[in-house]
Participant: 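Take a look at this one; I'll ask things after.
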Amino acid sequence: EVVADLRSASFIVSTVEKKEVKRQPPPPFTTSKLQQEASRWLHFSAKKTMSTAQRLYEGIELGAEGPVGLITYMRTDSVRIAAEAINDVREYIRKNYDPTFLPPKARVFKVSEDAQDAHEAIRPSSLAYPPQAIKSFLTPDQFRLYQLIWNRFLACQMNPALLDQTTVDIAAVNFLFRVQGSVMKFPGFTIVYTEGKEENGDENGFGRLIPEVREGEVLKLLELKPEQKFTQPPPRFSEASLVRELEENGIGRPSTYATILTTIQEREYVLLEKGKFIPTDLGILVTDLLVNNFPRVLDVAFTAGLETELDRIEEG
């Protein structure tokens, strides 16, 4: 009945609302964020990300200069940046980009309360080595990972992106349709870096760009798709989403994420198919046995709770 009514209806733009929104740049990399983004952008496993980062950290032979450590320590849960590094990156942006991309003062990111904050964020150790300038000395994997770290570090000290978030309401007989989208006004940090999205990671519908329309404009119906939507079960974990889940639940530490992911695969508790983890019969059996026999230790909150207890001992 609804479809029949709509086939003959005229579609008129009833309201157009625009609201300027700012998209702030993401903080520099921690271990878990580096593993997640390398998985999304470069399709690296957590293990490959860490071994490649290890080589960049230990040092790469740069011709006559000899070995140079290109990044800071890659096992960290902090977004802290050294003051001299902030001065260097601001100077680099000032020299290489339009003045509109540099904020009036440096951006400082808040370190989470759970972080041990022993090392600063993962960043290039010196801005004297842009990725393109040293590409010939790096393997393709090293270059791509170094470029990812470099771009994210530059982006974190740039101005936010400005978008016109637009909501258009369309009236047809006694029904109302709504479309949301955005128009980019100023790209800001997105000229060097945008975060990767999970397959199901819809940016609240604001990722789409929509054409300019005016109130009262009559639209032409191209197609009518009557679809019934069902609530989908949560998707299976990818390496990126599993690392995020581990971090959010306080399971493991920056140094152990890659090991955890490798171990569950090597022991064949899970299989990785099309980038998704699928538990095996062995994995399900082992989990059931462990959870039934050691409920306290196998509780999701166990590790985080133990860290808190240790912190309390440290605080006396």
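It should be emphasised that the depicted structure is a prediction, and the values quoted were computed from it without experimental measurement. One-based numbering along the sequence shown.
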Participant: So, are Arg244 and Glu247 salt-bridged, with charged N and O less than 4.0 Å apart?
Facilitator: no
Participant: Would you give the length of the straight line joining atom CG of Leu272 to atom CG of Leu261, rounded to the nearest 0.5 angstrom?
Facilitator: 8.5 Å
Participant: So, Ser241 side chain and Phe237 main chain: donor-acceptor pair closer than 3.5 Å or not?
Facilitator: no
Participant: Atom CD1 of Ile86 and atom SG of Cys156: how far apart are they, to the nearest 0.5 Å?
Facilitator: 7.5 Å
Participant: Scan residues 52-105 for pairs that pass ring pair (Phe, Tyr, Trp, His ring centres under 6.0 Å), counting only residues two or more places apart or in two chains.
Facilitator: Tyr57-Tyr73, Tyr73-His119, Tyr92-Trp150, Phe101-Phe186
Participant: What heavy-atom pair brings Phe189 and Pro160 nearest, and what distance separates the two atoms?
Facilitator: CD2-CA, 4.1 Å
Participant: Ion pair present between Arg40 and Glu195, side-chain N to carboxylate O less than 4.0 angstrom?
Facilitator: no
Participant: Which value, rounded to the nearest 0.5 Å, describes the distance between Asn292 atom CG and Leu298 atom CG?
Facilitator: 9.5 Å
Participant: Applying side-chain contact (heavy atoms from CB on, under 4.5 Å), run through Thr76 and Glu120 and close with a yes or a no.
Facilitator: CA-CA 7 Å; Thr76 177; Glu120 59 175 304; over 6 Å; no
Participant: Nearest heavy-atom pair of Gln116 and Asp77: which atoms, and what distance?
Facilitator: N-OD2, 2.8 Å
Participant: Can you list everything that forms a side chain to side chain donor-acceptor pair (under 3.5 Å) with Lys229? Sequence neighbours excluded, please.
Facilitator: Glu227
Participant: Mind checking what makes side chain to side chain contact (heavy atoms under 4.5 Å, CB included) contact with Ala38, not counting sequence neighbours?
Facilitator: Leu42, Phe44, Thr49, Leu145, Leu148
Participant: Taking Ser45's backbone N and O only, do any of them form a donor-acceptor pair with Ser39's side chain (distance below 3.5 Å, no angle check)?
Facilitator: no
Participant: Got a donor-acceptor contact below 3.5 angstrom from the Thr30 side chain to the Ser78 backbone?
Facilitator: no
Participant: Of all the heavy-atom pairs spanning Ala46 and Gln35, show the shortest one and how long it is.
Facilitator: CB-OE1, 3.8 Å
Participant: Between Glu307 and Arg253, does a salt bridge (Lys or Arg N to Asp or Glu O under 4.0 Å) hold up when you go through it step by step?
Facilitator: CA-CA 10 Å; Glu307 290 281 355; Arg253 275 276 162 249; 3.3 Å; yes
Participant: For Arg75 and Thr256, indicate whether the former's side chain and the latter's backbone hold a donor-acceptor pair under 3.5 Å.
Facilitator: no
Participant: Measure the spacing between CZ of Phe137 and CD of Glu65 and express it to the nearest 0.5 Å.
Facilitator: 8.0 Å
Participant: Strictly distance-based, threshold 3.5 Å: is any side-chain N or O of Thr72 a donor or acceptor partner for the main-chain N or O of Arg123?
Facilitator: yes
Participant: Is there a side-chain contact (heavy atoms from CB on, under 4.5 Å) between Gln147 and Asn151? Walk through the geometry before answering.
Facilitator: CA-CA 6 Å; Gln147 192 172 41; Asn151 288 350; 3.8 Å; yes
Participant: Is the side chain of Asn249 donor-acceptor paired with the backbone N or O of Ile251 at a distance under 3.5 Å, no angle test?
Facilitator: no
Participant: Can you measure from CG (Leu138) to CG (Leu56) and round to the nearest 0.5 angstrom?
Facilitator: 6.5 Å
Participant: Students often mix this up, so state it plainly: with edges at 30° and 60°, are the rings of Tyr193 and Phe29 parallel, tilted or perpendicular?
Facilitator: perpendicular
Participant: Indicate yes or no for a side-chain donor-acceptor contact from Arg267 to the backbone of Gly283 under 3.5 Å, with no hydrogens or angles considered.
Facilitator: no
Participant: Which pair of non-hydrogen atoms, one from Thr303 and one from Gly252, has the smallest distance, and what is that distance?
Facilitator: CG2-N, 3.7 Å
Participant: Grab the two heavy atoms, one from Phe11 and one from Leu6, that are nearest each other, plus how far apart they are.
Facilitator: CE1-O, 3.7 Å
Participant: Is a side-chain N or O of Thr262 found less than 3.5 angstrom from the main chain of Ala258, in a donor-acceptor match?
Facilitator: yes
Participant: Return the minimal non-hydrogen interatomic distance between Leu224 and Leu221, and the atom names on each side.
Facilitator: CD1-CD1, 4.1 Å
Participant: Is it the case that the side chain of Ser182 and the backbone of Asp164 share a donor-acceptor pair, with hydrogens and angles ignored and the cut-off at 3.5 Å?
Facilitator: no
Participant: Donor-acceptor pair, distance only, cut-off 3.5 Å: does the side chain of Gln157 make one with the backbone of Arg107?
Facilitator: yes
Participant: Ion pair present between Glu273 and Lys276, side-chain N to carboxylate O less than 4.0 angstrom?
Facilitator: no
Participant: When rounded to the nearest 0.5 angstrom, what distance separates CE in Met74 from OG in Ser255?
Facilitator: 10.0 Å
